[in-house]
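The structure under discussion appears below in the form of structure tokens.
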Protein chains: 2
Amino acid sequence: MKNIAILGSTGSIGTQALEVVRANPARYKVDVLTAQRNAELLIAQALEFQPEVVVITCEEHYAQVKQALPNTEVLCGEDALVAAVQLPQTNLVLTAIMGAVGLKPTIAAIEAKKDIGLANKETLVVAGELIMQLAKAHGVKIIPVDSEHSAIFQCLTGEDINDIEKIYLTASGGPFRGKDRSFLAHVTKKEALKHPNWVMGAKITIDSASLMNKGLEAIEAKWLFGLQAEQIEVVVHPQSIIHSMVQFTDGSIKAQMGLPDMKLPIHYAFSYPNRLKSDFERFSFLKYPQLTFAEPDLQNFRNLQLAYIAMEKGGNMPCIINAANEVVVDAFLKEQVGFLEMSDIIETCMQDIPFIEKPTLNNYLETDQQTRIFASRHVTK
Amino acid sequence: MKNIAILGSTGSIGTQALEVVRANPARYKVDVLTAQRNAELLIAQALEFQPEVVVITCEEHYAQVKQALPNTEVLCGEDALVAAVQLPQTNLVLTAIMGAVGLKPTIAAIEAKKDIGLANKETLVVAGELIMQLAKAHGVKIIPVDSEHSAIFQCLTGEDINDIEKIYLTASGGPFRGKDRSFLAHVTKKEALKHPNWVMGAKITIDSASLMNKGLEAIEAKWLFGLQAEQIEVVVHPQSIIHSMVQFTDGSIKAQMGLPDMKLPIHYAFSYPNRLKSDFERFSFLKYPQLTFAEPDLQNFRNLQLAYIAMEKGGNMPCIINAANEVVVDAFLKEQVGFLEMSDIIETCMQDIPFIEKPTLNNYLETDQQTRIFASRHVTK
């Protein structure tokens, strides 16, 4: 029996994680469920999965949740996430919350020696060096849940990480693949939210449309697999069947493939280091007789290039780009900024927020706050 | 330093294996070189690599080789292969000879506890159960050198063989992909020898054109990886970039990819269980922007279906199909039979040679001889 804490259980990854648990009740027990504000779904999940602790971070919903779950420990506030990940019986913490808010509970979970199912890429984007060092020091496994990183992680099973020559991160290209800047200047929120292959939350769907998601994933991969920027190549693969690849120093390439379904990497993270039989729909070449590949368009999709600049610069620069991106995506979803303005504001933040070469955890948290305030001002301009 | 005996050093795999050795002189030492009749090349190789033992199986060339290599032990005859694989310092025997003649030296090498770099698929096709049991009993590793089986072997690194749901063997489809029987009835030896992707010996090139190669590989895979016939699916992939795939019970698929170059699986077999940096040309998606997949055409290419029938029937049936195929391919190369007649003669052998459910090694050797005589008679008809 593996005991799992699910941070962000009402989101896209969280609900799919609970489907995986539901299909394997003899193997997985849910200890903790948390949500930001979707009290109704959180209550329904808690009644079904009977966790020991439930957290609703947004305080205004606390009373509702508490009343509905009289026999469960119900906490509220972001600090409660830090407490919730430390239950003694928990083996694995799935960090399926969105944004830099995932950083503190992830650190707390690592310090409590819980393995991490990492679905919160911002944690590594913001403070990858610190997190990976901490995980190593505490003997904790970081098992990626992003489909791309899960693919690379699976390709590295039984291999020596020092034999990696490069990795290929595949990118669908999003709904605007092939479009130019005059088109992108006028795209709407509704158009940007139509991802061709993956069903995901709103923020990551916008990030996919702008290619920022791939940029953040490149930074995540750098830390997860100990790579240099020049070892990480993004290749556009519109069918999203090959989830990513590793090229080894002998020239051999391994790829992990399957239908675009997030349940597969979640299922793998839960069963790791073993595989567990699933009844997920199987891939068939008859339905996908053609897989295509192309270079990403860095001229029209500037975010990917900005992310590579941040990755190469290091220090608090990835933290800046991540915080600025969270602000502008939120603003785009509120229709306060246009699609192309997002890159402009991010670039301004990268230029104007003070660079710190070797940041501490507090430096990261300060940079994050400072960038959010600065970016928000540019949104309202 | 790894000491290697190369059986069949003047063939396509053998010469490429020596290129790998040449590129890594500090890691590999050649103990044994053997050839059937290409005395000139064998002598040149021996002068360069200075093996301890040289074997020329065809006795008429013995004097020439012996005279050219006065300081080397030169042997002749097929039985000399059995002696040559047993040198005490040898770690790995690369079986790059063609046909069922590879069986006896492979058994001798396993009994002498040498790991096997298996480039002679007929060994497993003819007597897979016996060979795998023997390898297990002697703690010997069988490392496949066929690109497809090397791909699967690489995909299984660090995985549990019991988690295999199925494998996909990729097939280029050969030079006659998409052609029908009225076309195939008149194809020439010259046309059949033009493989679209791989540079290989004549016999395997004809087998690729007739899809028999894929049938033999399916039987080889059955034994190497402990599979049932229904777990082995052939998928036509004309670009030969994905060398084969494993689908696991959780639905995840791993593929091994690269340019179609036999040096890569040879290099991997030599460096196994490690990887070793190579300077082979790297794959690039810019040159292969499209990978395509299709079902094999079993109506027009009957050999693949015959091989599956033999695999499911078991016993000495794969031995029959292999021996019959060796005879008819030789006859096709001598322009004694047509392309489609090859399947007809093989099928006649499968019907007429006595079936043995649980053959001994002697049964296999007898079946092999009996089938060759029977098939040859049908060739001359």
Side-chain angles (χ1 to χ4, degrees), chain A residues 150-151 154-160 162-166 168 170 233 235-237 239 241-243 245-259 261 263-265 267-268 270-271 273-295, chain B residues 150-151 154-160 162-166 168 170 233 235-237 239 241-243 245-259 261 263-265 267-268 270-271 273-295:
Chain A
S150 177
Q154 290 182 54
C155 289
L156 290 173
T157 308
E159 301 281 355
D160 184 338
N162 296 309
D163 291 336
I164 302 176
E165 185 164 275
K166 66 190 275 191
Y168 290 98
T170 53
E233 182 170 334
V235 59
V236 173
H237 167 44
Q239 299 81 26
I241 296 302
I242 295 188
H243 298 323
M245 291 163 267
V246 178
Q247 180 170 308
F248 296 96
T249 51
D250 59 1
S252 180
I253 298 173
K254 271 194 200 172
Q256 188 271 338
M257 309 166 60
L259 292 172
D261 180 348
K263 283 204 293 294
L264 185 53
H267 180 84
Y268 184 78
F270 284 5
S271 69
N274 303 310
R275 291 188 184 272
L276 181 62
K277 195 169 163 53
S278 85
D279 60 358
F280 304 148
E281 187 189 344
R282 296 302 193 248
F283 172 75
S284 162
F285 280 110
L286 297 184
K287 290 187 189 164
Y288 292 88
Q290 194 172 301
L291 302 178
T292 62
F293 306 89
E295 283 185 293
Chain B
S150 177
Q154 290 182 53
C155 289
L156 290 173
T157 308
E159 301 281 355
D160 184 338
N162 296 309
D163 291 336
I164 302 176
E165 186 164 274
K166 67 190 274 190
Y168 289 97
T170 53
E233 182 169 335
V235 58
V236 173
H237 168 45
Q239 298 81 25
I241 295 302
I242 294 188
H243 297 323
M245 290 164 268
V246 178
Q247 179 170 309
F248 296 96
T249 51
D250 59 1
S252 180
I253 298 172
K254 271 194 201 173
Q256 189 271 338
M257 308 165 61
L259 292 172
D261 180 348
K263 283 204 294 294
L264 187 51
H267 180 84
Y268 184 77
F270 283 6
S271 69
N274 303 309
R275 290 187 184 273
L276 181 62
K277 195 168 163 53
S278 85
D279 61 357
F280 304 147
E281 187 189 343
R282 297 305 193 244
F283 172 75
S284 162
F285 280 110
L286 297 184
K287 290 188 190 163
Y288 292 89
Q290 195 172 300
L291 303 179
T292 62
F293 305 90
E295 283 186 292

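From a predicted model like this one, the values you see are computed outputs, not experimental measurements. Chain identifiers are assigned alphabetically (A, B, ...) following the order of the sequence lines, protein sequences preceding nucleic acid strands; residue numbering begins at 1 within each chain. Just the heavy atoms: all of them, side chains too, but no hydrogens, waters or symmetry mates, feed the values below.
- Interface remark: B:Glu165 contributes side-chain atoms only to the contact with chain A (heavy atom separation under 4.5 Å).
- Shortest non-hydrogen contact noted between B:Ser278 and A:Gly251 is OG-N, 4.3 Å.
- Comparing B:Leu276, B:Asp261, B:Leu259 by how many heavy-atom pairs each has under 4.5 Å with chain A, the most go to B:Leu276.
- Contact count against chain A (heavy-atom pairs under 4.5 Å) is highest for B:Lys277 among B:Met245, B:Lys277, B:His243.
- Contact tally against chain B (heavy-atom pairs below 4.5 Å) for A:Arg282, A:Glu295, A:Gln290: the top residue is A:Arg282.
- Interface remark: of the candidates A:His267, A:His237, A:Gln247, A:Gln247 forms the most heavy-atom pairs closer than 4.5 Å to chain B.
- Atom OH of residue A:Tyr268 and atom CZ of residue B:Phe248 lie 8.5 Å apart, to the nearest 0.5 angstrom.
- Of the two parts of A:Tyr288, only the backbone, made up of N, CA, C and O, holds a non-hydrogen atom closer than 4.5 Å to a non-hydrogen atom of chain B.
- Here A:Cys155 contributes atom SG and B:Gln154 contributes atom CD; the two are 11.5 Å apart, rounded to the nearest 0.5 Å.
- Separation of atoms OG1 (A:Thr249) and CG (B:Asn274) is listed at 10.0 Å; rounding is to 0.5 Å.
- Only the side chain of A:Phe280 comes within contact range of chain B, with at least one heavy atom under 4.5 Å from a heavy atom of that chain.
- Under a 3.5 Å cut-off, the side chain of B:Lys254 and the backbone N or O of A:Lys254 do not form any donor-acceptor pair.
- The candidate with the highest count of non-hydrogen atom pairs below 4.5 Å against chain A, out of B:Asp160, B:Val246, B:Asp163, B:Leu156, is B:Asp163.
- Rounding to the nearest 0.5 Å gives a distance of 9.5 Å between CG of B:Leu291 and CZ of A:Phe285.
- The salt bridge (charged side-chain N to carboxylate O under 4.0 Å, His left out) check on B:Glu233 picks up B:Lys166, with sequence neighbours excluded.
- Looking at residues two or more places apart in sequence or on another chain, you find a salt bridge (charged side-chain N to carboxylate O under 4.0 Å, His left out) between B:Asp250 and A:Arg275.
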